[in-house]
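Treat the numbers as computed from the prediction; the structure is a model and nothing was measured. For reference, positions follow the sequence shown, starting with 1. Every number for a ligand or one of its atoms is a count from 1 in the order of the listing.
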Amino acid sequence: MQKITELNPHELWKYFSEILAIPRISKQEEQITEYLVNFAARHTLDCKRDSSGNLLISKPATPGMESRKGVILQSHLDMVGEKHASVEHDFSRDPIRAIIEDGWVKASGTTLGADDGIGIAASLAILSSGRIKHGPVECLFTADEESGMTGALGIPPGFFKGSVLLNLDSEDEGEIFIGCAGGIDTIASLKLKKKRAGRNRVAMKVTVGGLKGGHSGDEIHRGLGNSVKILSRFLWNADQRFRIRLASMEGGKARNAIPREATAIITIPPRILELIQVYFDSFAGIVKRELEPVEPDMEMTMEQVEMPESTIRRKQQKRLFNTLYACPNGVVAMSQTIPGLVETSTNLASVKLSGEDTLEIVTSQRSSVESAKRDIADRISSHFTLLGARVRHSDGYPGWKPNMGSEVLGISREVYRELFAEEARVKAIHAGLECGLFLQKYPDLDMISFGPTIKGAHTPEERLDIASVDRFWRFLLGMLEKAPVAR
Ligand SMILES: [Zn+2]
C-alpha cells in the first residue's frame with residue numbers, strides 16, 4: 001500500500017504526515033506549538049509567540065526577491081476532534097491514522113485534520129526549502145480557530161509586518177475566497193406578566209419539528225423552515241380566531257443554527273377543542289405544502305396536556321405574538337458585487353425561558369458589510385424594544401468586505417489561468433473566517449483565501465483530495481513567485 005510520504009509534492013506530504021502524529025484539538029495546542037518552535041530553531045528561523053497562542057515564523061526573501069511585498073502564509077494550529085462512536089481514539093494522546101483510498105487521504109473513523117494541517121504543512125515546506133523563490137515570508141499559525149477564533153481575535157497590532165495575506169484554510173481547490181461575513185447577536189429579554197390559569201379551560205401542546213436546521217450562515221439562503229417562525233405564525237393566527245392563552249413557549253438551541261424544533265403550551269375553552277383542531281390541521285397542511293420541497297419531514301402536532309399554573313397576561317401576549325410573527329428572518333440583502341452571495345441576513349435562533357419568568361429571544365445577524373451588519377442588528381433591537389423587552393448585543397466580529405479591485409486577487413487570477421488554463425472561481429462566504437478579524441488590527445491587508453479540496457470537514461468522514469493538493473501547491477508557489485513589488 002502506498003504511504004502518504006510517497007505522494008507528490010514530497011516536501012509537503014512529509015510535513016503533513018509528521019503533523020498527523022501530533023495531537024492538536026482546539027485548546028490543546030501545546031504539542032503542535034512545541035513542534036513548530038523546534039522546527040524554527042532547527043532551521044534557524046525567527047519565531048515568536050503572542051499571548052493568545054499565535055505563532056509567527058519568519059524567513060527572509062530569497063536572492064533577487066527582496067523588493068517584494070511581505071507575504072503572510074496563514075493557517076491555524078488546531079483541528080476538530082470528531083470520531084465514530086465505535087472507534088477507540090483519544091484526541092489528546094493518539095496520532096491520527098491516515099489511509100489512502102481512491103485518490104483521497106482519510107483517517108480511520110476520526111477527523112483527519114487536513115483542516116488545517118495541510119495549511120501548516122505547506123507553510124513548513126516553504127520555510128524549509130532552499131529552492132523555492134519568494135519575497136519576505138511570515139508564516140502565521142493562529143490558535144483556537146475551531147472553537148471561537150480566539151487567536152485571530154487576540155492578535156496584537158504589529159505582530160507581523162507583511163501586507164499580503166494568503167489564508168490557507170479554504171476547502172475547494174479552484175475557488176478563491178475574497179470575503180466573509182461578520183456577525184453579531186441581538187438578545188431580547190422580556191419579563192413575563194403572568195396570572196393564574198383560568199378554570200374551565202384545557203391545555204394543549206403545539207409542536208413543530210422534523211426540520212433540517214443548519215448553519216445560520218452557510219444555509220440561510222436555502223429557505224429552510226424556522227420552527228420558531230412557524231410556531232409564531234400559528235399562535236398569531238389562532239389568537240385572531242380563538243381566545244387562546246399562552247402559558248409557555250420554547251424553541252431552538254444554538255445561536256448559529258436555524259431552529260429545528262419549537263413547542264408552545266396554550267389553554268383554550270373546552271368547547272372550541274374541535275374547532276381549533278380543525279384549524280390546526282388546515283394550518284399544518286398549508287405550511288407543509290409551502291415547505292415540501294425543502295422540508296419533506298416537517299411535522300406539526302397538537303395534543304392535550306396537563307393544565308399549567310399560569311398564563312401570560314392578554315395584553316402582553318398579543319404584543320409578543322405580533323412581535324415574533326413580524327420579526328425579520330432570513331436573507332435581508334444579496335451582494336451587489338458577487339452574484340449569489342448573501343450579503344446580510346438575520347436568524348431568529350431561539351426562544352426560551354430564562355429563570356422563573358423571563359423570556360429570552362436570541363437572534364443573530366451576519367453581513368459582509370460592516371455598516372449593514374450594524375443596521376440589521378439595530379433594526380432587530382428596535383423591533384424588540386416595541387415589545388417592551390430589554391435588548392442587548394454581543395460584541396460581534398467584523399466581516400471581510402469583498403474587494404474586486406484587490407491587487408492580490410488580480411495576480412491570483414492570472415497565476416491560476418497560466419498554470420491550469422482555466423479561470424479560478426472567485427467567491428465569498430456568508431460565514432466567519434479569521435480574515436475578517438485580522439482587518440481590525442491590520443486594516444490595509446490585501447488578502448485571499450484558498451486551499452485544496454477537503455470534504456466532510458469537522459466529521460469522521462473528513463477526506464482530502466490528493467490531486468487537488470498538488471494543484472494547491474503549484475498555485476501557492478506561483479503566488480509567491482508573482483508576489484507584488486513593494487512601492
Ligand atoms: Zn479550518
Assess the residue pair Ile155 and Ser52 against the criterion (side-chain contact (heavy atoms from CB on, under 4.5 Å)); give the C-alpha distance rounded to whole Å, side-chain angles, the decisive distance to 0.1 Å, and a yes or no. CA-CA 7 Å; Ile155 196 163; Ser52 299; over 6 Å; no

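- Among the atoms of Glu171, none of the N, O or S atoms falls under 2.8 Å from the Zn ion (ligand 1).
- Using a 4.0 Å cut-off between charged side-chain N and carboxylate O, Glu219 and Lys212 make no salt bridge.
- Each of Lys373, His430, Gln365 was compared with Ser345 under the side-chain hydrogen bond (donor to acceptor under 3.5 Å, both in side chains) criterion, and only His430 meets it.
- Remark: Phe475 pairs with Tyr416, Phe450 by the ring-ring contact (aromatic ring centres under 6.0 Å, His included) rule, at least two apart or across chains.
- At least one N, O or S atom of Asp115 sits under 2.8 Å from the Zn ion (ligand 1).
- The angle subtended at the Zn ion (ligand 1) by OD1 of Asp169 and NE2 of His76 is 100°, given to the nearest 10°.
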